[in-house]
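Data first, discussion second: the structure below is written as structure tokens.
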Amino acid sequence: MADSIERLCSLGESVTTPSTKLRIRIFRHDIPDLLDNTDMSSEVAAVLVDIIFKTLCIYEDLRSRKAVDDIVLKALNEATFMKTFAACLVQFMERLQKCHSYVGSYKLLRWSCFLHQISTKTYIEELKGARIPEKECPDIIWLLIEYSRKDPCFEQYKPIFIDLYVKTVLSAREKPAKGLSEAFCPLFLCLTHEEFGNIIVPSSVKMLKRNPEIALEAVEILLKSVSIDLSKYSMEFLPVVLTQARHADEGRRVGALAIIQCLSKKSSNPDVIEMLFKAVKAVIGGSEGRLQFPYQRVGMFSALRELSSAPGGKLLKDLSSTLCGFLLSCYKDEGNEEVKLAILSALACWLERGADCIQPAIISFFTSGLKEKEGLRRGHLRCLRVICNDADNTIQVSSLVGPLIQIVKTGYTKSVQRLDCIYALLLVAKISAVDMKAEEAVMKEKIWSLVAQNEPSLVPLSMVPKLSGEDGLACVDLLHVLLVDHTKRVLETFSVDTLFQLLFILLCHPSWHIRKAAYGSTKRIIEVAPQASEALLKEFAVFPFSCSRSSSFTDKRHRECSRSSCFFPSICRGNGEGLSACIVSSCCGYSRDMWSHYILLTSSSFTWHWKERWNMAEDINMLADTGIDVVSLINGRIKNICEDLLGTMGLMSAKCLEQEGAAHALCTLMTLAPNDTYLEFEKHFSNLPDRFAHNTLSPNDIQVKFDFTH
């Protein structure tokens, strides 16, 4: 052993040779011959690791590197070497990170991959032997599956992972952690029909029957992740899931409906969707007993709603018509308002699939529904909003414009009906955008003027943060339709500044879905209504100050949302071309306001509710890519910009926020145009009336201390 170590040390002294031929001989012949006749002790492993890492920064040619890599791969099969090598690898990585050096980083990364590739066989064996606590280490399971599934040998590991999933998740006695179920998602992507149908489905159904409260979440994650068509298995899951969809516990109902949605989304066979519908219809009809409680009927009609997620297009045309007819008949026979609203929700989703389903009976149904009491009337309005997401559907319901106009006329004079008016106005706007007769009716009734007089912002601003997700999206839709499809009339009738206040508040709504929709609408408005861009930017410039004083923005969660959603650079990056075009066309008219506020907002935290500092260079580069030379535009307007930043709205302001924002903006401006900015600053500084007041102070007044020791 001592002789082997001595010979290995001798070879280590030669590895630094510049001769490629000698390097290759050492790693192709000398070291392999030595290792073949020597046991891998800790001493041998330490010397060998030292030799390998000596080559890290000096072996640059491909042949030498390949020779070293082959030795590493061979030696990693020895557990003793693996541990020593891994420890040294970590040390070198930390050393490179501390000194910010990238020399040898690629080799370290490559060797890390070798180590992981070899150790994955080891880890799987540990997992199989239950020596790794899988319930406590879901990340390790995910990593092993994700990495090993790219290995050609994955098929031999797959049964181990499938067995582990069935044992730890589908056979658990307690509800498995969500992270544990999600750890197997890479495995679900690789399942074959045989594996899924013969092993996973029976175990899942058995668990759903035995302990549904434990299994629902895990099965949902499973079905969302699998990549195979579920047409063959949907009817195996449905009977047991429908039982949970009408359970007294709301959590179970929600979980069951999520599973039904997965089954319908991933079942490509239209006949299967029809079978699912018949199964639900039978339960509603009493095949498993009378559905005595409203929540049971709500669950079943919600299940029909989830079936609308099925693919198929025109192949489901007949089924759509049949199902809509069935829902109409159920609505007429139902006496509970909550159940009726569930029916309307399901009807909306199925009618949205195509205009062919909108027959005269449907129009008559909605005509009557718009005369219902408040709750059901609003349900019909929400249903129509979903239907009118498609232009063809909108034309089909254009005959409803009369009743909708009446709701707008009466509702905008009564605050209790304001939400109904939002939906009705949205539908009127959509219908009049595609139907000339409807537009004539709107103009005859002077709807735009009526709304502008009674509610200039369309929606009371204090009402917006309290809206539900669906109602908030309706407000975004309303703004979008008015400013995109009725641009001219809206700009002539409404105060655009007020409308943009609503837009910015929607951009700061607590709901992420509402913020996302408002963001998309903002981009579209900028594209189609460039004449409104000046008002948009000016309103944005004063918006932080106005809403920081507003009681509707005192909620912490709301402030956090606003921080991440309504910032100018976000809109700018998301829609570079559209916003840049607006800047080009408008900047000459309002350069002072626009550029002052742009610099102010993008260079500082603005310390309203934000703590981050935005990288203005990134915005400038982005605009440069679209043909806008921001630096040149700013250079031509330094005087105007400095007047704002050094004036009563900037450094001379009595408000600390404006002072701090102006100071940050001046710092950024100095990096863009240092000479001109300094000259403007010096000019303003020289004109300060109390500039020389400090000359009257004594050293004691300002507590100046001199250090004579240096």
Side-chain angles (χ1 to χ4, degrees), residues 341 344-345 348 366 369-389 394 397 400-433 438 441-442 445-487 489-490 493-496 498-511 513-518 520-522 524-525 552:
L341 291 175
L344 285 172
S345 178
F366 281 110
L370 294 176
K371 299 175 184 177
E372 292 267 19
K373 294 181 180 180
E374 182 181 343
L376 290 176
R377 180 177 65 242
R378 191 169 298 163
H380 282 79
L381 288 167
R382 286 173 173 155
C383 182
L384 284 169
R385 173 183 166 262
V386 175
I387 295 170
C388 290
N389 284 333
T394 305
V397 299
L400 296 173
V401 73
L404 291 169
I405 287 176
Q406 291 304 313
I407 294 176
V408 174
K409 290 174 67 176
T410 57
Y412 266 105
T413 58
K414 298 179 182 178
S415 58
V416 293
Q417 296 183 15
R418 193 56 50 85
L419 190 55
D420 288 0
C421 285
I422 293 171
Y423 278 95
L425 183 61
L426 168 61
L427 294 168
V428 167
K430 285 194 171 187
I431 293 172
S432 61
V442 170
E445 299 291 342
K446 299 180 180 179
I447 294 299
W448 307 129
S449 300
L450 173 69
V451 175
Q453 290 171 7
N454 287 279
E455 190 55 72
S457 61
L458 297 177
V459 183
L461 299 182
S462 60
M463 177 183 177
V464 177
K466 304 172 186 176
L467 294 174
S468 67
E470 185 177 6
D471 296 338
L473 289 174
C475 291
V476 176
D477 283 351
L478 177 57
L479 262 181
H480 182 101
V481 172
L482 291 180
L483 287 169
V484 173
D485 296 334
H486 301 278
T487 309
R489 298 194 187 281
V490 169
T493 310
F494 289 84
S495 168
V496 181
T498 309
L499 293 181
F500 285 152
Q501 286 180 21
L502 172 61
L503 177 61
F504 287 127
I505 290 177
L506 289 168
L507 282 163
C508 303
H509 195 276
S511 168
H513 295 288
I514 293 177
R515 297 200 305 272
K516 181 182 178 182
S521 294
T522 303
R524 183 62 179 151
I525 290 167
S552 64

Expected output: side-chain Arg515 to main-chain Pro510 donor-acceptor under 3.5 Å: yes

Residue pair Arg377, Tyr423: steps toward the side-chain contact (heavy atoms from CB on, under 4.5 Å) verdict: CA-CA 11 Å; Arg377 180 177 65 242; Tyr423 278 95; over 6 Å; no

Approximate separation, where rounding is to 0.5 Å, of His480 NE2 and Leu506 CG: 13.5 Å

Heavy-atom pair of closest approach, residues Leu483 and Thr487: O-OG1, 2.7 Å

Flag, side chain of Ser345 to backbone of Leu341, donor-acceptor distance under 3.5 Å: no

side-chain contact (heavy atoms from CB on, under 4.5 Å) evaluation trace for Gln417 with Ile407: CA-CA 9 Å; Gln417 296 183 15; Ile407 294 176; 5.5 Å; no

Considering all heavy atoms, the nearest Leu458-Ile422 contact: O-CG1, 4.5 Å

Test item: Thr394 side-chain N/O and Cys388 main-chain N/O as donor-acceptor pair under 3.5 Å: yes

Intermediate values then yes/no, side-chain contact (heavy atoms from CB on, under 4.5 Å), Lys409 and Ile447: CA-CA 7 Å; Lys409 290 174 67 176; Ile447 294 299; 3.8 Å; yes

Spacing of CG belonging to Asn389 relative to CG belonging to Asp477, to within rounding of 0.5 Å: 6.5 Å

Distance, nearest 0.5 Å, that separates OG of Ser432 from CG of Asp485: 8.5 Å

NZ/NE/NH1/NH2 to OD/OE distance under 4.0 Å, Glu455 and Arg418: yes

Close side-chain approach of Glu445 and Leu450, heavy atoms under 4.5 Å: no

Straight-line distance of Ile525 CD1 to Phe500 CZ, nearest 0.5 Å: 6.0 Å

Heavy-atom pair with the smallest gap, counting every atom of Ala518 and Leu503: O-CD1, 4.2 Å

Under-4.0 Å salt bridge between Arg382 and Asp471: yes

Interatomic distance, Leu370 atom CG to Glu372 atom CD [nearest 0.5 angstrom]: 9.5 Å

Nearest heavy atoms of Val408 and Val451, plus distance in Å: CG1-CG2, 4.0 Å

Worked check of side-chain contact (heavy atoms from CB on, under 4.5 Å) between Leu467 and Leu419: CA-CA 9 Å; Leu467 294 174; Leu419 190 55; 4.1 Å; yes

Parallel, tilted or perpendicular, as decided by the 30° and 60° cut-offs, for the rings of His486 and Trp448: tilted

Minimum heavy-atom distance Ala429-Leu482, with the two atoms named: CB-CD2, 4.0 Å

Nearest heavy atoms of Phe366 and Cys383, plus distance in Å: CZ-SG, 3.5 Å

Separation of Leu473 CG from Glu470 CD (nearest 0.5 Å): 8.0 Å

Donor-acceptor pair, side chain of His509 and main chain of Val464, under 3.5 angstrom: yes

